Amino acid sequence: MTQTAAIPLAAVKHGEVFTKRWVVELILDMVGYTLDRDLSSLQAVEPACGRGAFLLPLTERLSASAREQGKTLSDLADSVRAFDLLPENVDVSRELVRHALVQDGWDKEEAATLAEKWVSQGDYLLGTGETASADVVVGNPPYIRLEDVPAGRMAAYRSVCPTMTGRADIYVGFIERGLRALKPGGSLGFIVADRWMRNQYGRNLRELIAAKFSVDASVQMHDVDAFEDQVAAYPAISVIRRGQQGSAVVANTTKVFGQKDAHNFSTWYRTGQEDAVANDRWEAGRLPHWFEGGDLWPSGSPALLAMIEELNEKFVLLEESAPQTRIGIGVATGADAVFVAKDPPVEQDRLLPLSMTADTRTGELVWSGHLLVNPWDENGNLVQLQDWPKLAAYLRKNRAALEGRSVARRHPSAWYRTIDKVAPSLAGRPKLLFPDMKLASRPVLDQGGLYPHHNLYYVTSEGWDLRVLGGLLFSRVVEATIGAYCVKMRGGTLRFQAQYLRRVRVPRPESISTKDAEELSLAFENRDSEAATRAAVRAYGLSPNHEKWLTGPAFRGL
């Protein structure tokens, strides 16, 4: 039966989100915990069993297999290991296991004994004596930011889970510990937020997986009603095997994906069919290999990831494409109310015209008149306030607000600094500007004269005609790349941050024909995405099928 109990307050505090039965069945199918095998010969691990969403279907499958194989309950003593931190969850899970076994005709006392042996109270991340003995590890680990964990426990987690770096969610640790528990050939199947594939805090985990494991499948389920409660979790099913990397299944689902679709996908997946599948509910395909190393891993449709693979193989990264091509972010001040103004009473030499996100909304850069109060000299040193009496008066008037910032507390003598240093020469350089959040790739040209604010990312280059480069970056080829690598916001909004722009591949400017360069430049000036895409497809040497997909009505949904 599906677990529908309301989540208690303690569960919420521990990051519990319960998974629907049909999703659990799909994951069990994908890791090979199926009735065509002798499941009593396998060891299954559930690291955070909650109220039995995974444990109940797993028990039912194991019981049926044991009957088929002529095994007794005593033969199953080491077949399951389940853990949970909350004693009430342990009690519920044990009762579910006991009841399922009794319902299948097993002795009540033996069933109770087995349930108690299988399900233990404890913190899986801090468990001792873990060995590589598991054939399958399955579950939906807790969703809790590491910084929300008490300091002592957080330190302990970091000690035993070296991949859990930065501002990671603790599910990163569950993935690591689960993988390390696998025996050769064993598989982990988790439904978990896929942020770790595309965030800095997932780098060490990605490196571990690339070195020792195989990503066998990634099924994006961002819009699927996969949980018993509505949560904004951006979930994906990841199936990872201890062994050499082979081909990888990539699947995308839509919000109408449900139980019947899961069955159809499971059949396609398990029978090893090579032909890609695409319909209005799900699409799937097989890549010849997965992405290597700790760099960001893209996500998306099979068609998109196949294109990304082709671009990665044939073209250079944007910053490597031409001399002095650089990606950066505008200045963060920590106190915009002080440092950003339209007519601050300071010396003119201490002011820089500042471009804001709102200045780019029309597709052309229209300066709103904002100015940056600049406390830095040309060499990157803070100016001496005695040399600038108006600046000194203005900053001292606002000293209380400036000294309250963390950057000022770390540098008391530099209380009037901005968070970022300012390089005034940047204002005079031509640059392409990207607002941080946008539904589509829409760079705007600053021909020189403005300094970017911190919600704007920029590209400068000595080797590119920025209008030609702007046309490439305006195209759906680049938009699709950003969409594959970035962490999307609700509504499909993309993030044009430096870490994602640095994943963009482009042809070198000298390899682009005069005709294509002219069309890219014209498309950029006309803000014509389709024309930019057609010219970019030629510049990249992509196939007509790619052009049809990129310019077709289905592009936005993929």
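In this chain, residues are counted from 1 in sequence order. In this text the structure is predicted, and so the values were computed from the model without any measurement.
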Q: Take atom CD in Gln386; do more than 12 heavy atoms of anything else shown fall under 6.0 Å from it?
A: yes
Q: For Asp148, check side-chain hydrogen bond (donor to acceptor under 3.5 Å, both in side chains) against everything at least two apart and list the hits.
A: none
Q: Could you pull out all residues at least two apart from Ala211 that satisfy side-chain contact (heavy atoms from CB on, under 4.5 Å)?
A: none
Q: Residues in salt bridge (charged side-chain N to carboxylate O under 4.0 Å, His left out) with Glu309, at least two apart?
A: none
Q: State, without any angle test, whether Glu319 and Thr325 hold a side-chain donor-acceptor pair at a distance under 3.5 Å.
A: no
Q: Which residues pass the ring-ring contact (aromatic ring centres under 6.0 Å, His included) test with Tyr458, not counting sequence neighbours?
A: none
Q: Show me the pairs that pass salt bridge (charged side-chain N to carboxylate O under 4.0 Å, His left out) and involve residues 338-348, at least two apart or across chains.
A: none
Q: So, Asp359 versus His453: side-chain donor-acceptor pair below 3.5 Å or not?
A: no
Q: Report the residues that fulfil side-chain hydrogen bond (donor to acceptor under 3.5 Å, both in side chains) with Arg508, sequence neighbours left out, ordered by chain and then residue number.
A: none
Q: What residues form a side-chain hydrogen bond (donor to acceptor under 3.5 Å, both in side chains) with Ser543, not counting sequence neighbours?
A: His546
Q: The criterion is side-chain hydrogen bond (donor to acceptor under 3.5 Å, both in side chains); which residues satisfy it with Arg429, sequence neighbours excluded?
A: Glu462
Q: Check this for me: Arg361, atom CZ, are more than 12 non-hydrogen atoms of other residues, nucleotides or ligands nearer than 6.0 Å?
A: no
Q: Regarding Ser214 and Gln245, is there a side-chain donor-to-acceptor distance under 3.5 Å anywhere?
A: yes
Q: What's the spacing between Trp196 CH2 and Asn204 CG if we round to 0.5 Å?
A: 12.0 Å
Q: Do Asn455 and Thr357 have side-chain N/O donor and acceptor atoms under 3.5 Å apart?
A: no
Q: By ring-ring contact (aromatic ring centres under 6.0 Å, His included), which residues pair with Phe315, not counting sequence neighbours?
A: Tyr540
Q: Scan residues 417-443 for pairs that pass ring pair (Phe, Tyr, Trp, His ring centres under 6.0 Å), counting only residues two or more places apart or in two chains.
A: Phe434-Phe496
Q: What pairs of residues pass the salt bridge (charged side-chain N to carboxylate O under 4.0 Å, His left out) test when at least one of them lies in residues 285-297, not counting sequence neighbours?
A: Arg203-Asp295, Asp295-Arg503
Q: With sequence neighbours excluded, tell me which residues meet ring-ring contact (aromatic ring centres under 6.0 Å, His included) with Phe474.
A: none
Q: Without swapping roles, check the side chain of Asp377 against the backbone of Gly380 for a donor-acceptor pair under 3.5 Å.
A: yes
